[in-house]
Amino acid sequence: MSELKLYNTLSRQKEIFEPIVKNHVGIYVCGPTVYSDVHLGNCRTFISFDIIYRYLKYIGYKVRYVRNITDAGHLEGDRDEGDDKFSKKARLEQLEPMEIVQRYTVGFHKVMDLFNTLPPTIEPTATGHITEQIRMAQQIIDNGYAYVVGGTVYFDVEKYNKEKPYGILTNRKLEDLLEGTRELGGQDEKKGRLDFALWIKAGPEHLMQWPSPWGMGFPGWHIECSAMSEKYLGKQFDIHGGGMDLAATHHTNEIAQSQACYHVSPVRYWIHTNMLTVNGVRMSKSAGNGFLPEELFSGSHPLLDKAYSPMNVRFFMLQTHYRSTLDFSNEALQAAEKGLKRLWEAYETLTGFVPDNVQPSANNMIDTGLDEKVRKLVGEFDENMNDDFNTAKVLASMFELVPVINSIKDKTITVTSLSTDTLTLMQAKFKSYLEDVFGLKAVNEADNAKLQGVMQLLIDIRKEAKGKKDFVTSDKIRNQLTALGIALKDEKDGGMSYSFD
RNA sequence: GGUCCUGUGGCCGAGUGGCUAGGCAAAGCUCUGCAAAAGCUUCUACAGCGGUUCGAAUCCGCUCGGGACCUCCA
């Protein structure tokens, strides 16, 4: 099998993945800021990393997957003087900040569960790691890369840049970055325009504040990820991920903080996922074009024609590479829905095949050409995932196998055309990929025993009617079931099957 | 202005210089009491203009268009 290659933002090219500790992977992903509902764009990132996490496990790594919950310190405005997002929302709704945090954390977990994403192995919160953040800020001060002004601690970007390239992650020079920044006003207390706060002095109006060596205050946004990733993954770890929008500021600052604190570059591979767009424009909270998962599942959003299931959306996302933007539209979702149905039904059919152990005779010779084609396509699953997690290509290979599966079902091809090994391999790989790596599951839990009994009864009655050429009765059964969203299909061998829309 | 990404057939979308991506839609055929499903077949595109090359969607240059980041956002 080929080696896993992944695109590293730091080098702007695909690199062969080599973990720091053999057989183990440490991965940190920036999680949500829980002051409002997660929208679908947020979900895309977490679903992408869920698949990366699942794949790393699938190829045998022991993975420690840390994804934080930001529940403090994220400022509302673009300056270091705004209120914290939680305080603001809490004041607005007359709630405790922690009630806000709890509500949206629970909501986030519920949505992640609907999308069938696995929980991270550690999910630390910023408020649970205040002392770690204070300690780190202090160390950065002691190392000479931060300074205190009136109870606020600032990171000295220009000093840091003299030793290490500050803009390394997004390939920017400090001078260019400075150009894009406004002049410091008279009110500003920080020395450099790019300096950012590690710790922020709290005023009496701030609802969330903690004691520190510099007085009462709360942590800056970037320090939490540096402190928590170091605590659980070490001073240097394998993979750090997040949305592309975080690279330029948040992740750039994380690198600077960790480097200034521990004198080592914290992350080996930076992975960034691209944005979800609506009509070509990025979905975001501030643009007001966000889709809530609920609106999608219920079809209540004005731009949607109908409801789409979580698995439908997950599949839709798999059809695009994680580093490409993905545009969200009715048409695309409907196409994905039909594609998933076709693929999933083929998968269920495949699962039902029993490998034939009969010795090949003149009548059931193995079709070597077909057998090789199947093996080749199945082999491509791993190859394509190893190529920077190309889920779209894996699905393409799977779809090419669908006609083979359906032809076996229709007896156009005999099961014995494939060797037992090949058939078993195909079954195993489909299961591994669709369920374990892609995290898809059957949309309709049709394994309700009573419902199955009723369906079997209707099928028997219809068969009898058809046998007597009583097509009025047989059509009535089928048509009424269709109206209920149950498709009854006559199979080639005289049997009948059904599926739920 | 700076740093990048991007422009693929009706739509969505993969694409490592030479081999049919794939999905959806559409058309025809087969199967079928009818239908649905399924199978087979058809639709063979790479923004424009130059260049490199035996050969480019893929590399280089220019032009035009779209987007992201540089300020809170996955």
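Just so it is clear: chains get the letters A, B, ... in the order the sequence lines come, proteins before strands, and each one is counted from 1. For clarity, every value in this text was computed on a predicted model and none was experimentally measured.
- Residues passing the side-chain contact (heavy atoms from CB on, under 4.5 Å) test with A:Asn274 are A:Arg44, A:Met244, A:Thr325, sequence neighbours excluded.
- Side-chain contact check for A:Thr170 and A:Arg172: at least one donor-acceptor pair (N or O, by modelled atom type) lies under 3.5 Å.
- Residues forming a side-chain contact (heavy atoms from CB on, under 4.5 Å) with A:Asn161 (at least two apart in sequence, or on another chain): A:Tyr166, A:Leu174.
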If you write RNA chain B from 5' to 3' in dot-bracket form, with Watson-Crick or G-U pairs under 3.5 Å, [ ] for crossing pairs and | for pairs with another strand, what do you get?
(((((((..(((.....[...))).(((((.......)))))....(((((..]....))))))))))))....
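- Between A:Leu246 atom CG and B:A68 atom C1' there is a gap of 13 Å when expressed in whole angstrom units.
- Between the CG atom of A:Leu174 and the C1' atom of B:C70 there is a distance of 12 Å, given to the nearest Å.
- Looking at the side chain of A:Thr33, the nearest of the listed nucleotides B:A74, B:C72, B:A21 is B:A74.
- Each of A:His222 and A:Lys338 was assigned the nucleotide of RNA chain B with the nearest heavy atom; the assignment lying further toward the 5' end belongs to A:Lys338.
- For the C1' atoms, the distance from B:G9 to B:C5 is 23 Å, rounded to whole Å.
- B:G15 and B:U58 have their P atoms separated by 15 Å, given to the nearest Å.
- Atom-to-atom, CD1 of A:Ile271 to P of B:A74 comes out at 19 Å; the value is rounded to the nearest Å.
- Using a 4.0 Å heavy-atom cutoff across all strands shown, A:Met398 reaches no nucleic acid atom at all.
- In terms of the ring pair (Phe, Tyr, Trp, His ring centres under 6.0 Å) criterion, residue partners of A:Phe115 (sequence neighbours excluded) are, by chain and number, A:Phe297.
- Residues satisfying the ring pair (Phe, Tyr, Trp, His ring centres under 6.0 Å) criterion with A:Phe108, sequence neighbours excluded, are A:Phe46.
- Following rounding to the nearest Å, A:Phe196 (CZ) and B:C70 (P) show an atom-to-atom distance of 15 Å.
- For A:Phe389, there are no ring pair (Phe, Tyr, Trp, His ring centres under 6.0 Å) partners two or more places apart in sequence or in a different chain.
- Between A:Asn384 atom CG and B:G22 atom P the separation is 13 Å, expressed in whole Å.
- For the ring pair (Phe, Tyr, Trp, His ring centres under 6.0 Å) test, residues two or more places apart in sequence or in another chain that qualify with A:His301 are A:Phe291.
- Separating the P atom of B:A37 from that of B:A74 is a span of 41 Å, rounded to the nearest Å.
- In terms of position on RNA chain B, the residue among A:Phe315 and A:Thr273 whose nearest nucleotide sits closer to the 5' end is A:Phe315.
- In plain terms, the two heavy atoms of A:Leu440 and A:Leu318 that are nearest each other are CD1-CD1, 4.2 Å.
- A donor-acceptor distance shorter than 3.5 angstrom exists from the side chain of A:Ser397 to the backbone of A:Lys393, with no hydrogens or angles considered.
- With P as the reference atom, B:A25 and B:C12 are 15 Å apart, rounded to whole Å.
- In this structure, the salt bridge (Lys or Arg N to Asp or Glu O under 4.0 Å) partners of A:Asp410, at least two apart in sequence or on a different chain, are A:Lys492.
- Rounded to whole Å, the separation between the P atoms of B:A47 and B:A21 comes to 15 Å.
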Across nucleotides 2-14 of chain B, 5' to 3', mark each nucleotide with B, S or - according to how protein heavy atoms within less than 4.0 Å reach it.
BSS-------SSS
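- The interatomic distance linking A:Leu395 (CG) with B:G22 (P) rounds to 13 Å, in whole Å.
- Between A:Gln334 atom CD and B:A26 atom P there is a gap of 12 Å when expressed in whole angstrom units.
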Could you write nucleotides 32-42 of chain B as a row of B, S and -, 5' to 3', where a protein heavy atom under 4.0 Å of any base atom gives B, of only sugar-phosphate atoms gives S, and otherwise -?
-BBBBBBSS--
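- Ring geometry, A:Tyr347 versus A:Trp344: the interplanar angle exceeds 60°, so the pair is classed perpendicular (tilted spans 30 to 60°).
- Under the rule for a side-chain contact (heavy atoms from CB on, under 4.5 Å), A:Ala335 has no partner lying at least two apart in sequence or in another chain.
- Nucleic acid contact class of A:Arg282 (heavy atoms, under 4.0 Å, all strands): base.
- With P as the reference atom, B:U63 and B:C72 are 33 Å apart, rounded to whole Å.
- With rounding to whole Å, A:Ile52 atom CD1 is found 13 Å from B:A74 atom C1'.
- Here A:Ser226 pairs with A:Met136, A:Glu254, A:Gln257, A:Ser258 under the side-chain contact (heavy atoms from CB on, under 4.5 Å) rule; sequence neighbours left out.
- B:G2 and B:C11 have their C1' atoms separated by 36 Å, given to the nearest Å.
- At a threshold of 4.0 angstrom between heavy atoms, the contacts of A:Gly41 include nucleobase atoms, whether or not backbone atoms are also involved.
- The same atom, P, is picked in B:U6 and in B:C59; the two are 9 Å apart, to the nearest Å.
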